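Heads up: the structure comes next, in structure tokens.
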Amino acid sequence: MSQTRRKPGPAVKKKPAKQKLTPRQWVKRGLLGFLVLVLVGGLLSVGAFVLAYQTIEIPEANEEFETQTSFVYYADGEAELGQFARQNRVSIPLDDVPQRMQDAVVSAENKNFWKDSGIDPKGIVRAAFSNARAGETTQGASTITQQYVKILYLTSERKLSRKVKEAILSLKIQREMSKQEILEGYLNTIYFGRGAYGIQAASEAYFNKGAKRLKLREAAFLASVLNNPSSYDPANGEEAKEAVSRRYEYVLGRMADDGHITEEKAETAMKRLPKFPKQEAQSSYGGQKGHMLKLVRDELLRLGYSEAQIDGGGLRVTTTFDAQMMSDLQEAVVEERPEGFGDKQLHIGAATVEPGTGALKAFYGGQDYLDSQINWAATGGMAGSTMKAFTIATAIKEGFSLNDRFDGNSPFTFPDGLEVYNAGEGATDLGSSISMVTAAQNSTNTAFVDMSAGMDDGPKKIHDLAVAAGLPPQEPQDRFPGIPGRTVDLLQDDALITLGKARTSPINIANAYATFANGGERADVHVVRKVVEANGETSYTRKDTTRRVVDEDVNADTVYALEQVVSGGSGRAALGVGRPAAGKTGTATNDKDQVSSSWFVGFTPQLSTAVMYVRGDGDDQLDDWLPSFYGGTYPAQTWSGIMERLTEGMEVEDFPDPVFLDGDAPDDRYTYTPPPRPTQPPPPPPSKKPKPSKKPKPTREPTPTEEPTPPPPPPTPTLPPPTPTPPPPTPTPPPPTPTLPPPTPTLPPPDPTPTQPVG
């Protein structure tokens, strides 16, 4: 037996030959590896998703999408004036949304809405593939819940990370809200185009009616347009109409497939789109509406409402504005405005306030709000001689009577050398002793300065009465509100306060004169009557309260003096109202001694109205520009046109009879003795009375007569004597004669001092 020996040295190990894998084996191994990776990736993904679900909290809702439109109404509480909104939205309960509207949206946007878990897994997968193909851009359908979450909590950022967060929040929302609550929230937040957020605003925007009244065609259209509002609004042209028609047919078809309507109804509805009412082209802030809404917003802020509440709190605000009066007042202003003068240079401010309530019933602020946001009814200008009404009331309160006498000649010289001249409508010197009524009728500057100087601390007392009546003080005070809340240059120590350097608004001075119309009781001017919250609770109601600021008898005599201005003085153009009226004209000059404002402020027992004419920035020249700058011409004529319209149908009421108070005047410097009664009335001596003349020598007046309103009657023996003589020492003076002395001009006096009112 043979034996083989190995070679000496370490043993050599031989590796078995490596077997080659067959293709089938390669496939099996690859699939196994892929499954492992998928499993690991899935586990990681599930873990990441679970972690994200646990860590992602439901954020605060996007503020804009929780806001609701606030509505503003005229005084009747029904006619809509305008809206305040960050987003035009009116939230309504799901019960107020017709079933056909709910079905249309569900069929169009998410047919499985009532059954799904709130997310669309296929949509997420599509988004992932879209992201792989095109960077961060994602596409894919979302459920109604996902859309609602995106609107309410997220942004429109098109990233996969946002899509994942949307899915997680949708799952969480699904656990916290019912399907009905989700659908209600969705229908109240989704954008439908035309500035409308939510189904109620959309129904109003497209069909001028509430969502409750939507019909099948209208519901199918709104469910179509929400998919792409900018492309599907038929108002955007034929292409948009064709596009929405295709989507509209698709929605109706889906509604039929889902069993919400029959095939027959779907086919009938598909034949045409619903009918669309004509869209109003006018801006919601156009014309005077912008000025009105600005006044309302300002008052709401003063009442303590925040900007957020105003713009998004769903308030229902009832104002004092009367829609018909607003229209009538504007019509009168336009009709009486001098021909050829537009509103870009000539600014007319007018305002009507209701005595006893302070309600601003109507106003005219000037230019269209979209062209200029300056409201001249609230901005105003120098008051001029309209301040003399407060001087009359103060003087009577201090003991003067309607028959007391004052200096009617120019100049009136103060101890410090300051001189005041008669000018404008009161340019004629009427003698050194004229009655308070005559001074009022002729707007005689020197007499009123004499009246003011004759009272102890007269300017301060005039200031205080004007503030009490309705002009806000120079520094705003809650006790004396107004629109606006201050009167520039209304100063207690202004020796010429009666001539009206103070700058007031037509709104405020109309309210101050309304105090006279209301027997001396003041009401604060306002524009807001009631505010109702979105939940239906009333948070503010205006109470009509007044407080006495002028004694009743003093007020009656003041009103009588102002009546004489209308019946036989510089305000005769106001007689056109055809009922008892009282008022005062006024003009004022700028620092260049040019007439810069022209006024008439007057009242009946039911309404008080102020009219102001200014130019440019409110201080530009009116004389030698307007055909007439007097308050007794265009402003008084405008006032008459306004009041004729506003008082039509109102009962004709009288003012209380004057009392003819005769108290203890501050001094007894005025003594008057009437001349002997003549047996026959002699002709007026030419050296004593101003001669009528149709061609006065050059003055500021652009017309050939001092008073461009109906010509005054010829002189009669009842005219006040032109020269001073002592008055009779009777304890109770007779009523003053309302006959106006001839207002024909004499030689022009020296120019008034700068910024001195002239009428």
Side-chain angles (χ1 to χ4, degrees), residues 336-338 341 346-350 376 380-391 410 420-428 439-449 489 496-506 509 513 562 565-566 569-574 583-602 610-616 618-639 696 699-703 705-709 743 745 748-759:
E336 299 296 338
R337 182 169 54 202
F341 290 83
L346 176 61
H347 306 303
I348 303 173
W376 290 99
M382 280 194 288
S385 292
T386 60
M387 287 294 295
K388 291 173 181 173
F390 309 114
T391 305
S410 293
V420 175
Y421 292 88
N422 292 322
E425 286 162 310
T428 303
Q441 288 178 312
N442 293 275
S443 199
T444 307
N445 285 348
T446 57
F448 276 93
V449 172
D489 292 334
L496 302 182
I497 190 171
T498 186
L499 302 185
K501 180 179 71 174
R503 295 177 180 272
T504 186
S505 70
I509 201 163
Y513 274 50
L562 298 176
V565 175
V566 173
S570 59
R572 286 193 297 273
K584 186 68 190 74
T585 57
T587 51
T589 56
N590 59 23
D591 57 5
K592 298 178 182 178
D593 198 25
Q594 301 166 336
V595 176
S596 59
S597 66
S598 184
W599 292 80
F600 185 80
V601 187
V611 177
M612 177 198 71
Y613 276 56
V614 293
R615 177 188 179 192
D619 278 323
D620 291 356
Q621 182 177 3
L622 292 178
D623 49 327
D624 298 329
W625 184 67
L626 281 180
S628 173
F629 63 83
Y630 297 125
T633 53
Y634 291 116
Q637 291 164 13
T638 303
W639 183 93
T699 63
R700 250 192 307 272
E701 50 273 19
T703 56
T705 59
E706 174 62 26
E707 177 56 61
T709 52
D751 290 337
T753 55
T755 72
Q756 178 175 300
V758 297

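Predicted model, so just to flag it, every value in this text is computed and none were measured. By convention here, the first residue in the shown sequence is residue 1.
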Do Tyr634 and Pro338 have side chains that approach each other closer than 4.5 Å (heavy atoms only, starting at C-beta)? yes

How long is the straight-line distance from NZ of Lys388 back to CG of Leu499, given to the nearest 0.5 Å? 6.0 Å

How long is the span from the OG1 atom in Thr638 to the CD1 atom in Ile348, to the nearest 0.5 Å? 5.5 Å

Taking the side chain as everything from C-beta on, heavy atoms only, tell me whether Ser570 gets closer than 4.5 Å to Val565. yes

Listed by chain and number, what are the side chain to side chain donor-acceptor pair (under 3.5 Å) partners of Arg337, not counting sequence neighbours? none

ring-ring contact (aromatic ring centres under 6.0 Å, His included) partners for Trp639, two or more places apart: Phe600

Look up atom CD1 in Ile497 and atom CG in Asp489, then write down how far apart they are to the nearest 0.5 Å. 10.5 Å

My understanding is that only residues two or more places apart in sequence, or in another chain, count here; which of them pass salt bridge (charged side-chain N to carboxylate O under 4.0 Å, His left out) with Asp620? none

Ser505: side chain to side chain donor-acceptor pair (under 3.5 Å) partners, not counting sequence neighbours: Asn508

Can you name the nearest heavy-atom pair linking Ala383 to Thr504, along with the distance? CB-CG2, 3.7 Å

Sequence neighbours excluded, which residues qualify as side chain to side chain contact (heavy atoms under 4.5 Å, CB included) partners of Ala447? Phe406, Ile434, Ala439, Thr444

For Val420 and Val449 the tightest heavy-atom approach is CG1-CG2, 3.9 Å

Minimal non-hydrogen separation, Met612 against Gly381, with atom names: SD-N, 3.4 Å

In this structure, NZ of Lys584 is separated from CG of Leu562 (nearest 0.5 Å) by 8.5 Å

Look at the side chain of Ser410 and the backbone N and O of Asn422, then say whether any donor-acceptor pair between them is shorter than 3.5 Å. yes

Which distance, rounded to the nearest 0.5 Å, do you find between the CG of Leu626 and the CG of Leu346? 5.5 Å

Looking only at non-hydrogen atoms, find the nearest pair between Trp599 and Ala610 and report the distance. CZ3-CB, 4.5 Å

Locate the shortest heavy-atom distance separating Ser597 from Val614; write the atom from each residue and the value. CB-CG1, 3.9 Å

Counterpart residues, ring-ring contact (aromatic ring centres under 6.0 Å, His included), relative to Phe390 (two or more places apart): Tyr513, Phe516

Out of curiosity, Asn590 CG to Met382 CE, how far, rounded to the nearest 0.5 Å? 6.0 Å

Tell me, please, which residues at least two apart from Gln621 pass side chain to side chain contact (heavy atoms under 4.5 Å, CB included). Gln594, Arg615, Asp623, Asp624

Restricting to non-hydrogen atoms, name the atom on Gly380 and the atom on Pro506 that form the minimum distance, rounded to 0.1 Å. CA-CD, 3.8 Å

Excluding sequence neighbours, so at least two apart, what forms side chain to side chain donor-acceptor pair (under 3.5 Å) with Thr498? Thr391

Hey, can you tell me if Trp625 and Phe341 have their rings parallel, tilted or perpendicular (30° and 60° cut-offs)? perpendicular

How would you list, by chain and number, every residue that makes a side chain to side chain contact (heavy atoms under 4.5 Å, CB included) with Ser598, sequence neighbours excluded? Thr587, Tyr613, Leu622, Pro635

